[in-house]
Engineer: 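Before I ask anything, let me first share the structure, which is written out below as structure tokens.
Residue numbers start from 1 in every chain, and the chains themselves are labelled A, B, ... in the order their sequence lines are given, proteins ahead of strands.
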2 protein chains.
Amino acid sequence: MAPVIRTARERAREELTLEIKREARRQLADEGAQRLSLRAVARELGMASSALYRYFPSRDDLLTALIMDAYNALGERAEAAVAAAPADDPRERWRALCGSVRDWAKEHPHEYALLYGTPVPGYRAPEETVTAALRVILALLSVLRGAAHHLDLRTPVRPLRGALAEQAAGLVAVLTPEVSAGVLTRAVVAWTQLFGMISFELFGHLVGSFDPADEFFAHSVEEMADFVGLP
Amino acid sequence: MAPVIRTARERAREELTLEIKREARRQLADEGAQRLSLRAVARELGMASSALYRYFPSRDDLLTALIMDAYNALGERAEAAVAAAPADDPRERWRALCGSVRDWAKEHPHEYALLYGTPVPGYRAPEETVTAALRVILALLSVLRGAAHHLDLRTPVRPLRGALAEQAAGLVAVLTPEVSAGVLTRAVVAWTQLFGMISFELFGHLVGSFDPADEFFAHSVEEMADFVGLP
DNA sequence: CCGTTTCGAGAGCAGTGCTCTCGTTTCCGT
DNA sequence: ACGGAAACGAGAGCACTGCTCTCGAAACGG
């Protein structure tokens, strides 16, 4: 696909693009997306701000590139955590996965906020972003698939009705043929709980109740593992 | 406390403060917090932008005022929903409460994002905000308190350990003496799930899976009601 | 009534995203 | 090898932002 032999221009362009993103990510980590300034990035790189527009047509496009990278970084981290956990211990895999997401979020709070906080106004998710964004929930589901025949639901899943049943069935067919629609739905519930909890912790909504949240986090990960029926 | 007899200046000041907030809220609802502009507010009110600083010392302070109002609006809505539901049907109260939060969020997406999205950079929560922010979780707990002696936990609560046990016991003593620490912790888990789910729906993370999310929402509210042991 | 405080308006500062123009450099087909 | 075309970097400039300072007018209160 991509030409193996690249002209000097192409190489320079690629390098500069990376360097712009690198500097932008630095500013993002320092000050948050709000305060990320194209002009400051250009200044730091010793170039005119107008030159930056040769590489990213707008500030939102630069942000979108950072979002892509962040989704992939988080996704890789999550997948690696699952892979590193013992294959025959689904609960440990679940724990490792949830913990890795929280760790990444605490290490990169501004990037996390960029992904799961208020969406940037002018931004609409391009195709690529969607698949990158799915990696965490897919990892959660892969853990469930691995334990599909040993699931133990202490509280039976409520029957799915109407549109929900159809949506869940559609997803099961594509993603998790080994797992029932009810369990998949519970996994999605657990997914929303996981990110809700992390967001609350990071955004300061647990101050005064369960902050510091380490033990609360660990506990609710176990509770949600029970919830989806992990042995 | 407040003087009953107010001077013309005091009345004018109060009125203008309200009007500024009103216009700011209008712009917030239209364009989001990101694009809320002091100068535009002043322009719309026919005054110089510098005059606005007599009423709010900075943009962040104006935003903080809007945050306060939004927390209270959401809190009132939630409390009203609980109050309007039959007192002898805890599950219906739970449903009404969760539904009212979601409804408010969908009606005021930008205000919701202001509360539960990425925190404003320069902003730190003043004392008042904290209590206003607690109203929803307190309402959730009040539903549980009302059903404290009829709770039915299909899956037993995992034992709380270490710091978590202490945190939960402290909260129980102050908030919900009728309810066990384990159940209170589950309520907090359900709380994070509720807002995680609403945030995901509003911020577009459910697109492609459970969007539209009406039935998924209703279903998971029931599942979480089971989770906390509501009859 | 008169000094003090409060207020509104205007000018101005430093910063932003973005556009346009204008030379220069690099590429690529002939 | 050359010449047209495309890509590039820099600078000036526009419209906008939050915020500060100053100055004259208005309202207050002893």
Engineer: Identify which nucleotide among dG9(D), dT20(D), dC7(C) has an atom closest to any side-chain atom of Tyr53(B), counting heavy atoms from C-beta outward.
Structural biologist: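 The listed nucleotide nearest to Tyr53(B)'s side chain is dT20(D).
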Engineer: Below 30° counts as parallel, above 60° as perpendicular, anything between as tilted: where do the rings of Phe227(B) and Phe227(A) land?
Structural biologist: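 Aromatic pair Phe227(B)/Phe227(A) classed perpendicular.
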Engineer: Select from Ser58(B) and Arg54(B) the residue whose nearest nucleotide in DNA chain D is closer to the 5' end of that strand.
Structural biologist: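 Its nucleotide being nearer the 5' end, the pick is Ser58(B).
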Engineer: Have Thr131(B) and Tyr71(B) got a donor and an acceptor in their side chains that come within less than 3.5 Å?
Structural biologist: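 Per modelled atom types, Thr131(B) and Tyr71(B) side chains form no pair under 3.5 Å.
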Engineer: Of the options dT6(C), dC8(D), dT16(C), whose atoms approach the side-chain atoms of Arg9(B) most closely?
Structural biologist: dT6(C)
Engineer: Does a side-chain N or O of Arg59(A) approach OP1 or OP2 of dT16(C) to a distance below 4.0 Å, or not?
Structural biologist: no
Engineer: Considering just the side-chain nitrogens and oxygens of Tyr55(B), establish if one lies under 4.0 Å of OP1 or OP2 belonging to dC7(C).
Structural biologist: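 So the side chain of Tyr55(B) is outside the cut-off, no N or O lying under 4.0 Å from OP1 or OP2 of dC7(C).
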Engineer: Round to the nearest Å and state the distance from Phe56(A) atom CZ to dC8(D) atom P.
Structural biologist: 13 Å
Engineer: Could you check which of dC16(D), dA9(C), dA10(D) has an atom nearest any side-chain atom of Ala48(B)?
Structural biologist: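 Of the candidates, dA9(C) comes closest.
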Engineer: Output the rounded distance in Å from CG (Leu38(A)) to P (dG15(C)).
Structural biologist: 16 Å
Engineer: How would you label the contact of Leu45(B) with the nucleic acid (heavy atoms, under 4.0 Å): base, sugar-phosphate, or nothing?
Structural biologist: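 Here Leu45(B) touches no strand at all.
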Engineer: Applying a 4.0 Å non-hydrogen cut-off, can you work out what Leu16(A) is touching in the nucleic acid: base, sugar-phosphate, or nothing?
Structural biologist: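 The answer is sugar-phosphate, as Leu16(A) gets under 4.0 Å only of primed atoms, P, OP1 or OP2.
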Engineer: To the nearest angstrom, how far is Arg35(A) atom CZ from dT17(D) atom P?
Structural biologist: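 After rounding, the gap between these two atoms is 18 Å.
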Engineer: Rounded off to whole Å, could you give me the CG-to-P distance for the Leu52(A) and dG17(C) pair?
Structural biologist: 10 Å
Engineer: Find the distance Leu63(B):CG to dC19(D):C1' and express it as a whole number of Å.
Structural biologist: 15 Å
Engineer: Which pair of non-hydrogen atoms, one from Tyr53(A) and one from Leu38(A), has the smallest distance, and what is that distance?
Structural biologist: OH-CD1, 3.2 Å
Engineer: For Asp61(B) and Ser58(B), what are the C-alpha separation, side-chain angles and deciding distance, and is it a side-chain hydrogen bond (donor to acceptor under 3.5 Å, both in side chains)?
Structural biologist: CA-CA 5 Å; Asp61(B) 288 86; Ser58(B) 80; 2.6 Å; yes
Engineer: Between Leu36(B) (CG) and dC16(D) (P), how many Å, whole number?
Structural biologist: 16 Å
Engineer: OP1 or OP2 of dT17(D) less than 4.0 angstrom from a side-chain nitrogen or oxygen of Arg43(B), does that happen here?
Structural biologist: yes
Engineer: For nucleotides 11-14 of chain C, give me every protein contact, N/O to N/O, under 3.5 Å, one pair per line with atom names.
Structural biologist:
unit_1  : atom_1 : unit_2   : atom_2 : d
dG12(C) : O6     : Arg39(B) : NH2    : 3.4

Engineer: In whole Å, I'd like the distance from the CD atom of Glu31(A) to the C1' atom of dG15(C).
Structural biologist: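 Atom-to-atom, Glu31(A) to dG15(C), this comes out as 14 Å.
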Engineer: Charged N to carboxylate O under 4.0 angstrom, Arg102(A) versus Asp214(A)?
Structural biologist: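 Here Arg102(A) pairs with Asp214(A) in a salt bridge, since their nearest N and O are under 4.0 Å apart.
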Engineer: Can you name the nearest heavy-atom pair linking Glu23(B) to Val41(B), along with the distance?
Structural biologist: CG-CG1, 3.9 Å
Engineer: Can you check the Glu19(B) CD to dG8(C) P distance for me, whole Å?
Structural biologist: 12 Å
Engineer: Parallel, tilted or perpendicular: which one describes the rings of Trp191(A) and Phe195(A), with boundaries at 30° and 60°?
Structural biologist: perpendicular
